[in-house]
Asks: 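Take this structure, written in structure tokens, and hold onto it; I'll ask about it next.
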Amino acid sequence: MDTSILVSSLASPPVLFFFLGALAAWLRSDLEIPQPVPKLLSLYLLLAIGFKGGVELNRSGLETQMLITLGAALLVAVAMPIGTFVVLRKRLGTANAAAVAATYGSVSAVTFITAVTLLGQLQIPSSGWMVAAMALMESPAIVIGVLLARRFGANEEGHAHGWGELLREAFFNGSVFVLVGSMVIGVITGPSGETALAPFTSGIFKGMLCLFLLDLGLVSARRLAASRELRAVHCGYAIAAPLVHGAIGVAIAWLLGLGRGDALLFTVLCASASYIAVPAAMRLAIPQASPGIYVPMALAITFPFNVVFGLPLYLAVINHFWS
Amino acid sequence: MDTSILVSSLASPPVLFFFLGALAAWLRSDLEIPQPVPKLLSLYLLLAIGFKGGVELNRSGLETQMLITLGAALLVAVAMPIGTFVVLRKRLGTANAAAVAATYGSVSAVTFITAVTLLGQLQIPSSGWMVAAMALMESPAIVIGVLLARRFGANEEGHAHGWGELLREAFFNGSVFVLVGSMVIGVITGPSGETALAPFTSGIFKGMLCLFLLDLGLVSARRLAASRELRAVHCGYAIAAPLVHGAIGVAIAWLLGLGRGDALLFTVLCASASYIAVPAAMRLAIPQASPGIYVPMALAITFPFNVVFGLPLYLAVINHFWS
Amino acid sequence: MDTSILVSSLASPPVLFFFLGALAAWLRSDLEIPQPVPKLLSLYLLLAIGFKGGVELNRSGLETQMLITLGAALLVAVAMPIGTFVVLRKRLGTANAAAVAATYGSVSAVTFITAVTLLGQLQIPSSGWMVAAMALMESPAIVIGVLLARRFGANEEGHAHGWGELLREAFFNGSVFVLVGSMVIGVITGPSGETALAPFTSGIFKGMLCLFLLDLGLVSARRLAASRELRAVHCGYAIAAPLVHGAIGVAIAWLLGLGRGDALLFTVLCASASYIAVPAAMRLAIPQASPGIYVPMALAITFPFNVVFGLPLYLAVINHFWS
Amino acid sequence: MQAIKRIEIITDALETREVCRVLDSLGVNGYSVVRDVTGRGERGVQSGDELTDVFKNSLVLTACPPERLSDIVDAIRPILKRRGGICLVSDAQWVMH
Amino acid sequence: MQAIKRIEIITDALETREVCRVLDSLGVNGYSVVRDVTGRGERGVQSGDELTDVFKNSLVLTACPPERLSDIVDAIRPILKRRGGICLVSDAQWVMH
Amino acid sequence: MQAIKRIEIITDALETREVCRVLDSLGVNGYSVVRDVTGRGERGVQSGDELTDVFKNSLVLTACPPERLSDIVDAIRPILKRRGGICLVSDAQWVMH
Ligand SMILES: Nc1ncnc2c1ncn2[C@@H]1O[C@H](COP(=O)(O)O)[C@@H](O)[C@H]1O
Ligand SMILES: Nc1ncnc2c1ncn2[C@@H]1O[C@H](COP(=O)(O)O)[C@@H](O)[C@H]1O
Ligand SMILES: Nc1ncnc2c1ncn2[C@@H]1O[C@H](COP(=O)(O)O)[C@@H](O)[C@H]1O
Ligand code: NA
Ligand code: NA
Ligand code: NA
């Protein structure tokens with residue numbers, strides 16, 4: 001593995017701020033990013049990345065490779081949770097397996113954004129429409145997860161939420177909505193919109209990402225420390241999943257003939273797990289599953305793993321096979 | 001009506017984000033701009049527009065036309081609520097008519113800001129001192145509204161707030177204070193202050209406006225859906241008022257010989273209604289009036305109407321008469 | 001005293017926004033910067049100043065003068081609270097004297113930042129590593145204050161917090177942590193990190209400072225009005241302390257042979273008092289001391305005094321002796 | 001422990017200052033305020049999603065000796081009349097310290 | 001003053017809307033909601049430090065005539081079963097206005 | 001429904017962690033916390049308008065079996081002594097689920 005990639009990933013301000021947050025939690029500093037600042041930052045990042053992706057889409061127009069990649073993304077988003085469920089059902093029980101499947105079948109926007117930032121730093125080009133792939137991959141896992149839970153008999157006593165609410169939660173939840181909506185606005189307004197919004201969506205973007213990662217460092221370290229329910233099987237899976245899903249992602253990217261940048265982004269989408277939209281939906285739809293398991297797995301293990309080790313690793317692998 | 005104006009108004013990022021918010025509410029997405037982010041955005045917008053107006057004022061100095069326009073603005077701010085009250089008193093009762101009169105006699109800063117942004121996009125020049133006109137037109141309607149309510153006998157049982165508090169509310173409420181204060185600071189610091197603050201007050205301005213309009217879209221659509229008290233008369237008035245007041249505004253602007261940009265801004269000030277400062281004041285000063293009427297009228301009907309249809313319409317009319 | 005310095009200090013946007021906030025409080029406007037915006041602004045300012053200081057440090061490398069200055073800063077941070085305690089113990093009682101000693105022995109980051117901004121405006125160069133001096137001077141006073149309180153017998157009945165918690169509070173509290181952490185990140189990432197973050201840490205910096213000073217103006221004026229416990233001795237000390245400590249600071253800066261910019265910053269560190277980190281720590285560690293005394297002294301008297309009169313005064317004195 | 005009356009007043013956030021002023025003027029020992037209370041009542045939903053404090057409530061809690069109860073209730077009632085909301089009184093024990 | 005029952009329900013913030021819906025459907029006179037309640041219970045710590053509302057509670061307070069009590073309690077119980085939390089009922093006086 | 005004691009403790013926000021620690025160490029079944037409570041008491045106004053948590057209170061609510069009451073009250077009292085605030089105890093019914 002090329003150490004210069006590792007260094008340039010680890011020594012980038014966003015990752016360093018993530019470490020700083022984790023360190024603060026570990027030293028039990030009273031540092032806190034007060035609510036609702038994290039929500040605002042998350043909203044901002046989705047808006048900015050969506051908008052910029054939309055503008056790129058406006059520039060590039062519809063390409064064949066884009067359509068094929070989006071198709072592949074959709075396929076992965078459906079197949080991955082099913083695979084995960086099959087693997088985990090015996091070990092975690094139906095409800096928890098379904099929730100974990102949904103979590104890992106979906107994507108983490110911040111991991112994606114950190115990857116985009118890393119590519120920018122290394123001056124490796126990537127396509128704007130990868131944002132569309134991310135948007136496509138957010139929701140299906142939620143639906144699949146719930147279908148699996150119900151089909152395989154997670155006890156539904158006290159189940160109060162119908163499919164209408166569930167689909168709304170899956171496709172119209174705040175994260176997906178802002179991401180997709182901003183992308184559409186980017187497509188509509190194109191370069192002129194970009195000029196108007198650039199200082200907001202691009203100028204301060206990296207700084208806002210740093211602030212958000214500072215918070216994620218804090219929150220994920222605290223959540224890890226507070227999680228009583230995590231056992232070895234969960235931790236093991238939370239490390240294994242990004243590696244296995246990442247390998248699948250690399251393979252598909254290779255088959256699709258993506259460029260290096262897009263390949264990394266596709267891999268990161270496969271390898272990452274949702275810790276915002278999906279947990280909220282799972283909590284409503286599969287109340288028997290324990291959030292004390294699937295939230296810290298995604299937030300406190302897989303997310304740091306991806307940001308710290310995963311990104312440089314995936315990129316090194318891609319560099320190796322693509323050259 | 002020139003469709004290119006309509007398109008360039010409707011397809012501008014701020015207006016599109018407003019639609020996005022409204023759509024989120026309509027699809028019952030759980031999207032939410034958490035408190036106090038909207039308050040912060042509102043504060044920021046007032047500070048930035050005030051400061052920029054002040055800097056312009058510093059550059060231009062006192063002009064005769066400015067003084068005449070400010071005088072006209074003040075006159076309108078006093079006459080308009082009286083006229084509104086006369087028209088509505090029979091239909092809505094004294095208390096509600098007075099509150100609606102105050103609401104529509106005052107102005108909406110965000111509508112003004114959206115108009116400024118539209119002018120910038122179309123590269124039509126406007127004067128910095130129109131911000132002073134806006135500041136002048138915010139408060140008088142509050143005082144007039146309360147005077148009308150008391151003079152025409154809205155039942156004052158349980159009335160607990162004296163004139164001191166009321167005048168403070170009218171002239172020193174947070175919105176007016178930040179707007180006027182920032183304008184004065186802009187005048188004092190002039191271009192050198194502008195250089196120092198430009199990335200904050202201008203760079204990220206449009207992005208912040210988009211975020212705020214996203215929230216206004218959400219809030220206004222939700223409020224419209226939740227309003228049980230609105231009847232046809234209220235809705236009709238909330239559409240008629242901007243048209244009638246806008247026409248008056250165009251006429252006055254023409255008489256004053258304002259340029260096209262300033263004419264649009266003057267028209268917008270006349271046509272818009274306050275949904276922040278005035279409702280808060282009315283609630284204290286005229287408790288018998290129903291906020292379930294005057295808030296959704298201004299926020300959920302007149303504001304979207306102005307931003308979506310009003311701005312391009314007024315500009316088309318102005319283009320027609322001015323050329 | 002050179003009036004041009006006074007003017008350029010008083011007429012700078014940050015100071016004017018401070019006045020605006022104070023005026024709003026004085027006129028009893030309902031203007032409010034809602035929580036947690038002030039906390040966010042404070043966090044942002046520390047992050048930005050720390051990061052920029054770190055980048056400067058990366059550029060300059062370790063200099064002898066820097067090391068000597070940091071040594072002197074540490075010495076001052078230890079000696080000043082002891083001196084303050086000796087002077088005040090008879091007048092205020094042990095507990096309050098110790099808390100005030102800690103407050104005035106530590107530093108105010110915002111005063112420092114305002115001084116940096118003033119220097120920038122007057123184009124007087126200063127060193128990035130003065131931020132390190134600030135970081136060094138934040139914590140020791142807390143420890144000294146508590147040691148003094150315990151050694152000289154402030155009644156410890158009901159004392160529940162051990163030294164572990166106290167040291168954590170002193171060295172790992174949120175303010176110190178973000179400042180030091182961002183500085184380290186600045187050192188690590190250097191100029192390349194700076195390029196990435198500049199629009200965030202530098203571009204919008206002055207605007208964010210203005211917003212924060214607007215809030216400080218509000219809060220300090222309101223706190224002054226609400227403080228029933230302040231007596232002449234407290235007010236007198238809160239004015240005398242910055243003058244005396246500032247004089248000591250000027251003298252040390254002169255002995256160290258610092259440049260004019262660094263001399264001003266060193267003086268400001270000596271002359272300022274903490275109103276965020278230290279009060280929070282004192283409240284835990286010396287519950288017998290009255291926060292109604294030490295908080296308004298630092299926040300409502302010394303801080304405005306320094307920002308309004310202190311900065312231009314210290315700079316005038318330095319200009320006089322250095323030329 | 002000592003018997004006291006626990007009074008809680010939920011009303012429009014705009015009246016918070018007024019409620020506190022009334023309690024201050026009656027010389028109560030103290031009170032606590034929770035801002036940002038939403039709710040539903042006769043006057044409809046107070047969803048708190050506004051830019052102003054117009055559609056929001058607050059809760060004021062005060063513990064007072066039983067003999068002060070009627071004074072306080074009488075002073076609060078006009079505010080509730082004017083602005084809506086509720087005032088609940090219950091018995092509690094005060095832990096002396 | 002009139003005797004009423006004071007019911008307070010603390011449960012997962014995700015169920016706030018459901019609790020309100022239930023109360024609405026029972027036709028209660030009104031209720032108040034305090035969002036952003038943290039806590040600890042059988043299901044561990046709800047520290048509220050999350051990006052989602054997943055680890056947060058809310059408190060719903062409603063005052064109702066004694067005869068409505070059992071209806072309300074019966075309707076709330078399934079939510080508590082499903083999601084945890086507590087429901088406390090106490091006696092209070094309602095200040096008429 | 002089962003008779004329980006409803007204990008509510010309002011004290012300086014800086015002591016929230018300490019109060020929770022005490023309750024945890026006594027093995028209570030659970031508790032709920034409302035942060036951001038302002039108020040007035042003997043030590044003056046806690047207006048919560050500060051940059052630190054210095055002038056702010058919090059409310060901790062716990063429902064416990066009557067026999068645990070005195071333990072809890074005894075453990076909380078020193079905190080109130082040191083820091084001020086109030087602790088109210090009232091009777092309530094706990095809705096079993
Ligand atoms: N029965 C009730 N129980 C609890 N809170 C109530 C009740 N009735 C009214 N409220 C609260 O008081 C506010 C104003 O009530 P109203 O004036 O009836 O609309 C509501 O928004 C609720 O927060
Ligand atoms: N005994 C109790 N007293 C007060 N609040 C409680 C109690 N038990 C549970 N809670 C609240 O209800 C929430 C959910 O409880 P549980 O389902 O037991 O985890 C907790 O996070 C607390 O906020
Ligand atoms: N009688 C009371 N009723 C309700 N809350 C009180 C009362 N007395 C004190 N408090 C609360 O406890 C806090 C601290 O009280 P104190 O230590 O008396 O200043 C106050 O700021 C109030 O929030
Ligand atoms: Na994935
Ligand atoms: Na108007
Ligand atoms: Na100092």
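Being a predicted model, the structure only gives us computed values, none of them experimental. As a basis for the values below, the full set of heavy atoms in this structure was taken, side chains included, without hydrogen atoms, waters or symmetry mates. Quick note on labels: first sequence line is chain A, next is B, and so on, each numbered from 1.
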Asks: Of all the heavy-atom pairs spanning M96(F) and R77(E), show the shortest one and how long it is.
Replies: O-NE, 2.8 Å
Asks: Atom OG1 of T38(E) and atom OH of Y31(F): how far apart are they, to the nearest 0.5 Å?
Replies: 8.5 Å
Asks: At a heavy-atom distance under 4.5 Å, which candidate from G39(E), G85(E), C87(E), S90(E) has the highest pair count against chain F?
Replies: C87(E)
Asks: Can you tell me which portion of L69(E) sits under 4.5 Å from chain F's heavy atoms? Options are side chain, backbone, both or neither.
Replies: side chain
Asks: Taking all atoms of both residues into account, what is the closest heavy-atom pair of N29(F) and R40(E), and its distance?
Replies: O-NH1, 4.0 Å
Asks: For V95(F) and I76(E), what are the C-alpha separation, side-chain angles and deciding distance, and is it a side-chain contact (heavy atoms from CB on, under 4.5 Å)?
Replies: CA-CA 9 Å; V95(F) 175; I76(E) 293 299; over 6 Å; no
Asks: Between V37(E) and chain F, which part of the residue has a heavy atom less than 4.5 Å away: side chain, backbone, both or neither?
Replies: both
Asks: Between atom CG of D91(F) and atom CG of L88(E), what is the distance when rounded to the nearest 0.5 Å?
Replies: 11.5 Å
Asks: Quick check: are there more than 12 heavy atoms from other residues, nucleotides or ligands sitting under 6.0 Å from CD of E42(F)?
Replies: no
Asks: Counting heavy-atom pairs closer than 4.5 Å to chain E, which one of L59(F), L61(F), V33(F), V60(F) comes out on top?
Replies: V33(F)
Asks: Once you round to the nearest 0.5 Å, how far does CZ of R6(E) lie from CZ of R6(F)?
Replies: 4.5 Å
Asks: Examine whether an atom of L80(E) lies under 4.5 Å from a heavy atom of chain F, and if so say whether it belongs to the side chain, the backbone or both; otherwise answer neither.
Replies: both
Asks: Contact part of V28(F) toward chain E, heavy-atom cut-off under 4.5 Å: side chain, backbone, both or neither?
Replies: both
Asks: Looking only at non-hydrogen atoms, find the nearest pair between S32(F) and I10(E) and report the distance.
Replies: OG-CD1, 3.3 Å
Asks: Sort I4(F) into side chain, backbone, both or neither according to what part of it lies under 4.5 angstrom from a heavy atom of chain E.
Replies: side chain
